[in-house]
Amino acid sequence: MPELPEVETIRIEISPLIIGRRITGVEVFWERMVREPSLDEFRRGVAGQRIVGVDRRGKYLLIRLGSGDTLVVHLKMSGALIVGKSEDEPPQYTHAIIDLDGGMRIFFRDPRKFGLMRLAKDDASVVGKLGPEPLEPDFTSEVLGKLLAGRKAPIKALLTDQDLIAGVGNMYADEALYEAKIHPLRTGGSLSKGEIARLHKAVLKVLIAGIGNKGASIENYLRPDGSKGTAHDEFKVAHQRKAACPRCGTPIRRIAVRNRGTYFCPKCQKMK
DNA sequence: CCCGGAACCTGAAGGC
DNA sequence: TGCCTTCAGGTTCCGG
């Protein structure tokens, strides 16, 4: 599922393919994919525009247009942007196509149909409420401590709350908690200063490793050239059903936290 | 403000 | 073989 490392990989790899190209048209086969404005307005606002940049904020991909507007893409759980040629057959589950000059097209593939696009005048209306970017220098252990102070919710739920930290999703939250040896059900406010420092370091480590491995191809995530990432090969606990803890050999356990599958080592990550 | 649960989606995988 | 259940989870909305 696209989380920060997956979206960042897409940003890095799609930028040289599409920046400088002009969008010649948009086809949308699943209309609910376009949230704002109306589909007609969306088409008019996108068609004819030149792509002048691609940014990322949290899990949002921000495609900058010559008009000053931003084509916002969120891939949710199963979305992928595949760059191909005009004569290519659309991949299965393609729900929208963005045609570019030079005989290229971007296929928006999304089996679960959660992914969305919108056209925005400014960033604030879309990503204004997001928490800090975890890989920016201003995201320090002290900042993380302040965000968690007094919170009664499970740390697993807080880590995946986009208003607290932007970009961390279910998989990387499990990996970070394992790395920091913290039980996913510990409350945010119960973490010691040392544990917060460990967790901060772990979040950076797993995200950077994820980007280095071009994302995790659990489920349907694909890179713009259609290939898979390899980050999931290095997951210690996330989705490791029936596997053993690489540190102590204890079977990995799965529990549900806020209705999300949560994997951890019951021996290394104690409630205390 | 804080917390938890449901809804949106549908293919894949596993059990019987 | 085939049906049924479970699992996957980012975001938004709603109720307490």
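If you're wondering where the values come from, they're calculated on a predicted model, not measured in any experiment.
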Quickly, which of A/Leu71, A/Leu119, A/Leu65 forms a side chain to side chain contact (heavy atoms under 4.5 Å, CB included) with A/Gln49? Name it, please. A/Leu65
Could you tell me whether the side chain of A/Pro154 reaches within less than 4.5 Å of the side chain of A/Thr187, counting heavy atoms only? no
When the nearest nucleotide of DNA chain C is assigned to A/Gln162 and to A/Arg112 on a heavy-atom basis, which residue is associated with the more 5' position? A/Arg112
Taking the side chain as every heavy atom from C-beta outward, state whether A/Phe264 and A/Ile255 have any atom pair closer than 4.5 Å. yes
Please report, rounded to the nearest Å, how far the C1' atom of B/dC1 is from the CG atom of A/Leu147. 15 Å
Starting from C1' on C/dT12, measure out to CG on A/Asp161 and report it in whole angstrom. 12 Å
Distance, rounded to the nearest Å, where A/Arg35 contributes CZ and C/dT12 contributes C1': 10 Å
For C/dA8, does either OP1 or OP2 sit under 4.0 Å from a side-chain N or O belonging to A/Arg241? yes
Quick check on contacts: within residues 250-264 of chain A, what sits under 4.0 Å from DNA chain B by heavy-atom distance? A/Arg258, A/Asn259, A/Arg260
Nucleotide nearest A/Lys76 when distance is taken to its side chain, options B/dC3, C/dA8, C/dG10: C/dG10
Heavy-atom closest pair, residues A/Ala166 and A/Pro134: O-CD, 3.0 Å
Separation of B/dA12 atom C1' from A/His239 atom NE2, nearest Å, is 12 Å
Assign each of A/Ala153 and A/Lys242 the nucleotide of DNA chain B bearing its closest heavy atom; nearer the 5' end lies the nucleotide of A/Ala153
Tell me whether the OP1 or OP2 atom of C/dT11 has a side-chain N or O from A/His74 closer than 4.0 Å. yes
Which residues within residues 224-235 of chain A lie with some heavy atom under 4.0 Å of an atom in DNA chain B? none
Heavy-atom side-chain proximity of A/Ile10 to A/Val73 below 4.5 angstrom: no
Between A/Arg56 and A/Glu133, is any pair of side-chain heavy atoms under 4.5 Å apart? yes
Checking A/Val7, A/Thr9, A/Leu75 against A/Tyr221 for side chain to side chain contact (heavy atoms under 4.5 Å, CB included), the one that qualifies is A/Thr9
Length of the line joining A/Met1:CE and B/dT10:P, which is rounded to integer Å: 17 Å
Using whole Å, report how far CG of A/Asp163 lies from P of B/dC2. 10 Å
Salt-bridged, A/Lys85 to A/Asp88, with N to O below 4.0 Å? no
Below 4.0 angstrom from OP1 or OP2 of B/dC8, is there any side-chain N or O of A/Lys113? no
Between A/Phe29 and A/His95, does the ring centre distance come in under 6.0 Å? no
When every non-hydrogen atom of A/Pro266 is compared with those of A/Thr250, the smallest separation belongs to CG-CG2, 3.8 Å
Would you say the side-chain atoms of A/Glu234 and A/Asn213 include a donor-acceptor pair closer than 3.5 Å? yes
Please list residues of residues 164-182 of chain A whose heavy atoms come under 4.0 Å from any atom in DNA chain C, ordered by number; otherwise none. A/Gly169, A/Asn170
Taking atom P of C/dT12 as reference, at what distance in whole Å does atom NZ of A/Lys59 sit? 11 Å
Answer yes or no: are there more than 12 heavy-atom neighbours, outside A/Glu31 itself, under 6.0 Å from its atom CD? no
Using whole Å, what does the distance between atom P of nucleotide C/dG10 and atom CG of A/Asn220 come to? 13 Å
